[in-house]
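Here's the structure, in C-alpha cells; my notes come after.
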Amino acid sequence: MKTIEFLDLKKINQTYRSQFCSELNDLVDSGWYILGEQVEKFEEEFASYCQVDYCVTVGNGLDALRLILLAYGVGPGDEVIVPSNTYIATWLAVSQTGAVPIPVEPSPNSYNFNCQGAIKAITNKTKAIIAVHLYGHPVEMALLQEFCNKNQIFLIEDAAQAHGATYKEVRVGGLGNSAAFSFYPGKNLGALGDGGAITTNDIYLADKVKELRNYGSKVKYVNNVKGFNSRLDELQAAFLRIKLRDLDRCNRRRSVIAEKYIDAFSQLEHITLPIVHKDCNSVWHLFTLQTHKRDALAIYMEGKGIKTMIHYPIPPHLQEAYSELGYSIGSFPISEKIHKEILSIPIGPTMGDEEVDYVVSSILDYPN
Ligand SMILES: *Cc1c(COP(=O)(O)O)cnc(C)c1O
C-alpha cells in the first residue's frame, strides 16, 4: 500500500542538502555562531521579501509574539484580543506578559479572524489585537487597520502560518504595526530547528525587540532592561536564506494542489471546503476539510495509507492551561464546531501529481 506523508519534511530538506552542507562547513570555519553575518543578511532579505523596513530574528514564533507585546508595553491589567480558533501559542504570548487574552469567535463563513467581532470586544483595557492568518489564509484586515489606527490600539499579525501570503497585493508582515513569524520546521518557511522573527516599519519597535532578545542589551555588558536570551542561530539563518529563495516556488506548488482539491471536492455535499476571499492570496499552510463525520473520514484515510491531522483537536479555551479564565463547553460554539469537524489532508511543496491524484480519488471513493 502507498503511504502519503502529511508533510514530507525529509524530502523537502533533502532538496537543499548540498547547499546546507556547504553553509555548515563555512560556519565551522568562521568561528562566529551567534548574531553574525548570516542573521544580519537573513534579516535584510526577509524584510525585503515581506516589503517592510525591518526584520529582527528571535528564538521562535512564540517569543516573536511575546517580545512584540512587551516592547509595546503590554502587561498586567491590559487586555489583548485574540482569535478563539488558533494555535495556543497566540494566547500564551499574551499570558506571558501578564495581560489577559480576550477571545473572539471566527467569521462563520471563512473561519478566519472576525474583524467586526474583534472591534465589538474592545474595552478601555484593550492594548492590542492579534490577527492570526490561520492555515495560510490572510485575514481581511481593512476594517481593523482603519479602526486600530484611529483608536491607538496596536494591530499585531500572527503570521506564523502565512509566509508570503498577500492581502490586497500587500505581503503579510506589513499589514499591521508589527508581525510575528515562526520558522518551526513544519511552517511554509521552516528551519532545521526552532526560529522566529518580527517584521515592522516601526524603528522604535525593531530596536526594542533587538534589545529584548539579547539580555536587554545593545552594547555588550550594558543592560538597559531585563531582557531574554531569544536569538536565531547563525546556522539556522544560513539554512533559512537558502530556503527563502525557493519559498515562492514552494508556495505556488501548494496553491496548485489546493486548487486541484477544491475542484475535485466542490460537488461533495458531505464536505465543506475552505473559503478564501478574493482579496486574499493564501499560501495554504494547511488544507482543511470540514465534515460532520470527521473521525470516520480520518480512519478511512488511515486505511488508505494517507496521513491526516487535526488542527486543532482542543480549542485553547477548553485546555486545562486556561481553566483560570472560567470558560466551558459552549463558550465559543463556532470554534468548538470547527475543532470537532476539521481534518487537514496532505499538502506540501514536494507532493507529486500522482500523490495528489491518489488523495483525490480516495476521498471521491469515500462511501459517505
Ligand atoms: C507555530 C505557531 C506559533 C508558534 O511558533 P513557534 O515557533 O512554534 O513558537 C504561533 N502562532 C501560530 C498560529 C502558529 O501556527
*So which heavy atom on G164 is nearest to which on V172, and how close?*
N-CG2, 4.4 Å

*Side chain to side chain, I129 and I122, heavy atoms closer than 4.5 Å*: yes

*Please answer: with hydrophobic residues joined when any side-chain heavy atoms are less than 4.5 Å apart, are V209 and V74 in the same cluster?*
yes

*Rounded to the nearest 0.5 Å, how far apart are CD of E336 and CD1 of I329?*
6.5 Å

_G73 versus D78, closest heavy-atom pair with distance_ = O-OD2, 3.8 Å

*Mind checking whether F332 and Y327 have parallel, tilted or perpendicular rings, split at 30° and 60°?*
perpendicular

*Decide yes or no on side-chain hydrogen bond (donor to acceptor under 3.5 Å, both in side chains) for Y215 and N229, but give the supporting numbers first.*
CA-CA 6 Å; Y215 301 108; N229 175 355; 3.1 Å; yes

Determine all donor-acceptor pairs shorter than 3.5 Å in which one atom belongs to a side chain in residues 181-192; sequence neighbours excluded.
unit_1 : atom_1 : unit_2 : atom_2 : d
S182   : OG     : Y184   : N      : 3.1
N188   : OD1    : H285   : ND1    : 2.9
N188   : ND2    : N251   : OD1    : 3.0
N188   : ND2    : V283   : O      : 2.9

*Start with the C-alpha gap between L205 and N177, add the side-chain angles, then the distance that decides, and say whether side chain to side chain contact (heavy atoms under 4.5 Å, CB included) holds.*
CA-CA 9 Å; L205 181 80; N177 296 94; over 6 Å; no

*Give every residue pair that meets the salt bridge (charged side-chain N to carboxylate O under 4.0 Å, His left out) criterion with at least one member in residues 137-151, sequence neighbours excluded.*
E146-K150

_I need the minimum non-hydrogen distance between T291 and I271, along with the two atoms involved._
CB-CG1, 4.4 Å

*Identify the two heavy atoms, one from L286 and one from F6, that lie closest to each other, and give their separation to 0.1 Å.*
CD2-CZ, 3.8 Å

*Less than 4.5 Å apart, any side-chain heavy atom of F113 and any of V104?*
yes

*salt bridge (Lys or Arg N to Asp or Glu O under 4.0 Å) involving K41 - partner list, sequence neighbours excluded*: E37

_Please determine whether residues L70 and V94 belong to a single hydrophobic cluster, defined as Ile, Leu, Val, Met, Phe, Trp and Tyr linked transitively by side-chain heavy-atom distances below 4.5 Å._
yes

*So Y111 and Q290, side-chain hydrogen bond (donor to acceptor under 3.5 Å, both in side chains) or not? Walk me through it.*
CA-CA 11 Å; Y111 296 121; Q290 217 180 323; 3.2 Å; yes

*May I have the step-by-step check of side chain to side chain contact (heavy atoms under 4.5 Å, CB included) for L240 and Q38, ending in yes or no?*
CA-CA 9 Å; L240 286 167; Q38 294 298 330; over 6 Å; no

*Over all heavy atoms of both residues, which pair between S178 and T199 is shortest? Give the atoms and the distance, please.*
OG-O, 3.2 Å

*Check the pair F46 / C50 against side chain to side chain contact (heavy atoms under 4.5 Å, CB included), numbers first and verdict last.*
CA-CA 6 Å; F46 195 63; C50 295; 3.6 Å; yes

*How does the hydrophobic cluster around V219 look, that is, which other residues are in it when side-chain heavy atoms under 4.5 Å mark a link?*
V222

Side-chain donor-acceptor contacts of residues 16-31 below 3.5 Å, not counting sequence neighbours, with atom names and distances?
unit_1 : atom_1 : unit_2 : atom_2 : d
Y16    : OH     : D246   : OD2    : 2.7
N25    : ND2    : C21    : O      : 3.4
S30    : OG     : L27    : O      : 2.8
S30    : OG     : W32    : N      : 3.2
S30    : OG     : W32    : O      : 3.4

*State, with a plain yes or no, whether a side-chain heavy atom of I156 is found less than 4.5 Å away from one of L65.*
yes

*Validation row: P106, I338 side chains within 4.5 angstrom (heavy atoms)*: yes

*Measuring from T350:OG1 to L9:CG, what's the distance to the nearest 0.5 Å?*
8.5 Å

_Remaining members of hydrophobic cluster (4.5 Å side-chain criterion), I275_ = none

_So for atom CD, which belongs to E324, do other residues, nucleotides or ligands contribute more than 12 heavy atoms lying within a distance under 6.0 Å?_
yes

*So which pairs with a foot in residues 294-306 pass side-chain hydrogen bond (donor to acceptor under 3.5 Å, both in side chains), sequence neighbours left out?*
none

*Look up atom NZ in K11 and atom CD in Q14, then write down how far apart they are to the nearest 0.5 Å.*
9.5 Å

_Considering only residues two or more places apart or on different chains, which pairs with a residue in residues 341-353 satisfy salt bridge (charged side-chain N to carboxylate O under 4.0 Å, His left out)?_
R253-D353, K260-D353, K337-E341

_Hydrophobic clustering (ILVMFWY, side-chain heavy atoms < 4.5 Å, transitive) - are I310 and Y261 grouped together?_
yes

*Which other residues belong to the hydrophobic cluster containing Y54, where Ile, Leu, Val, Met, Phe, Trp and Tyr are joined when side-chain heavy atoms lie under 4.5 Å apart, directly or via other members?*
I203

*Kindly compute the distance separating CD (E40) from OG1 (T57), expressed to the nearest 0.5 Å.*
10.0 Å

*Could you give the distance from NZ (K10) to OG1 (T15), rounded to the nearest 0.5 Å?*
12.5 Å

*Tell me, do L325 and P101 make a side-chain contact under 4.5 Å, heavy atoms counted?*
yes

*For D63, salt bridge (Lys or Arg N to Asp or Glu O under 4.0 Å) partners two or more places apart*: R66

*Shared hydrophobic cluster for V256 and I4 (ILVMFWY, side-chain gaps under 4.5 Å)*: no

*So, do L297 and L289 sit near enough that their side-chain heavy atoms are less than 4.5 Å apart?*
yes

*Does N201 use its side chain to pair, donor to acceptor, with the backbone of D53 at less than 3.5 Å?*
yes

*Counterpart residues, salt bridge (Lys or Arg N to Asp or Glu O under 4.0 Å), relative to D248 (two or more places apart)*: R171

*Mark yes when over 12 heavy atoms from residues, nucleotides or ligands other than K226 sit less than 6.0 Å from its NZ; otherwise mark no.*
no

*asked:* Applying salt bridge (Lys or Arg N to Asp or Glu O under 4.0 Å), can you list everything that pairs with K210, at least two apart in sequence or on another chain?
replied: none

_Working for side chain to side chain contact (heavy atoms under 4.5 Å, CB included), residues L175 and Q145_ = CA-CA 8 Å; L175 297 171; Q145 288 168 324; 3.8 Å; yes

*First locate atom CD of E234, then atom CD1 of I34, and finally report the distance between them rounded to the nearest 0.5 Å.*
8.0 Å

_Testing the basics here: between E5 and P346, what is the closest heavy-atom pair and its distance to 0.1 Å?_
O-CB, 3.5 Å

*Would you say I363 and L268 make side-chain contact, with heavy atoms under 4.5 Å?*
yes

*Would you say the ring centroid of Y366 lies under 6.0 angstrom from that of H270?*
yes

*Counting only heavy atoms not in Y135, do more than 12 fall under 6.0 Å of its OH?*
yes

*Do F154 and L62 share a hydrophobic cluster, counting only Ile, Leu, Val, Met, Phe, Trp and Tyr and linking them when any side-chain heavy atoms are less than 4.5 Å apart?*
yes

*asked:* Do P316 and S84 have side chains that approach each other closer than 4.5 Å (heavy atoms only, starting at C-beta)?
replied: no

*asked:* Using side-chain hydrogen bond (donor to acceptor under 3.5 Å, both in side chains), reason through H311 and S344 one step at a time and then give a plain yes or no.
replied: CA-CA 7 Å; H311 296 93; S344 305; 2.8 Å; yes

